[in-house]
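Below is one structure; the comments refer to it alone.
Residue indices begin at 1 and follow the sequence shown.
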Amino acid sequence: MRALESADLELGKTKVVDAPAPNGGTVGIVLTRTSAGITALRVNCTHQGFPVGRVGAVLECELHGSRFNPETGAVINGPAARPLTRYDARETNGGIYV
């Protein structure tokens, strides 16, 4: 699924997009462009499912303050104990696909 135009995501930046879910509806995905490529992570914190957002150099859950690495989804500090769910992402023909 084409999630975003390549030109809309600068190096070191993050965007949240809605993607179609396999069972209907949509799922929020956090896209981050790094020097290694594009990272696609589920927007929902693994602690209680509240959305995360970019705060400085990390992804942070506004509800309880869990912080995650935007390049890997790894937990930096909790209360979340599990990393954000990661999706395959590729960039081709001027678009980012998840």
Side-chain angles (χ1 to χ4, degrees):
M1 190 246 13
R2 190 176 184 122
L4 192 66
E5 299 301 313
S6 293
D8 292 338
L9 188 61
E10 298 173 30
L11 183 63
K13 299 295 182 183
T14 295
K15 296 254 183 178
V16 177
V17 299
D18 288 324
N23 57 351
T26 60
V27 62
I29 298 176
V30 179
L31 297 171
T32 301
R33 182 183 297 280
T34 71
S35 58
I38 305 293
T39 301
L41 304 167
R42 186 160 183 162
V43 75
N44 302 93
C45 178
T46 56
H47 177 238
Q48 289 190 344
F50 200 77
V52 299
R54 186 76 181 242
V55 178
V58 300
L59 298 175
E60 184 174 304
C61 177
E62 293 180 27
L63 189 60
H64 293 115
S66 293
R67 299 173 81 194
F68 302 88
N69 180 320
E71 295 183 18
T72 65
V75 175
I76 296 171
N77 65 300
R82 296 181 329 269
L84 295 174
T85 302
R86 190 169 184 159
Y87 298 104
D88 290 330
R90 62 185 169 82
E91 188 170 18
T92 186
N93 296 326
I96 298 170
Y97 295 81
V98 178

query = Could you give all pairs that pass the salt bridge (Lys or Arg N to Asp or Glu O under 4.0 Å) test and reach residues 77-86, with sequence neighbours left out?
reply = none
request  = Check whether V75 and V58 end up in the same hydrophobic cluster, where Ile, Leu, Val, Met, Phe, Trp and Tyr are linked by side-chain heavy atoms less than 4.5 Å apart.
outcome  = no
key: Contacts of E91 that satisfy salt bridge (charged side-chain N to carboxylate O under 4.0 Å, His left out) - sequence neighbours left out   = R33
task = Go through the structure and list residues passing side-chain contact (heavy atoms from CB on, under 4.5 Å) with P79, not counting sequence neighbours.
result = H47, H64, S66
task = Answer yes or no: are there more than 12 heavy-atom neighbours, outside E62 itself, under 6.0 Å from its atom CD?
result = no
Please tabulate, for the side chains in residues 35-43, all donor-acceptor contacts under 3.5 angstrom to protein atoms that are two or more places apart in sequence or on a different chain.
unit_1, atom_1, unit_2, atom_2, d
T39, OG1, E71, O, 3.1
R42, NE, N44, OD1, 3.0

task = Return yes if some donor-acceptor pair links the side-chain N/O of S6 with the main-chain N/O of G95 below 3.5 Å, else return no.
result = yes
task = Nearest 0.5 Å please: distance from the CZ atom of F68 over to the SG atom of C45.
result = 4.0 Å
Ring pair (Phe, Tyr, Trp, His ring centres under 6.0 Å) contacts touching residues 73-98 (sequence neighbours left out) = none
ask   = With sequence neighbours left out, which residue pairs that include part of residues 14-45 fulfil the ring pair (Phe, Tyr, Trp, His ring centres under 6.0 Å) condition?
value = none
inquiry  = Suppose we screen for side-chain contact (heavy atoms from CB on, under 4.5 Å). Which residues come up paired with D8, at least two apart in sequence or across chains?
reply    = L4, E5
request  = Taking all non-hydrogen atoms of both residues into account, name the closest pair between A80 and T46 and its distance.
outcome  = CB-OG1, 3.6 Å
request  = To the nearest 0.5 angstrom, please state how far the CD1 atom of I29 sits from the CG atom of L84.
outcome  = 12.0 Å
note = Those residues at least two apart in sequence (or on a different chain) that pass side-chain contact (heavy atoms from CB on, under 4.5 Å) with A3 are M1, V17, L31, V98
query = What pairs meet the salt bridge (Lys or Arg N to Asp or Glu O under 4.0 Å) rule with one or both residues in residues 43-61, with sequence neighbours excluded?
reply = E60-R67
Linked hydrophobic residues, F50 as query - side chain contacts closer than 4.5 Å = L63
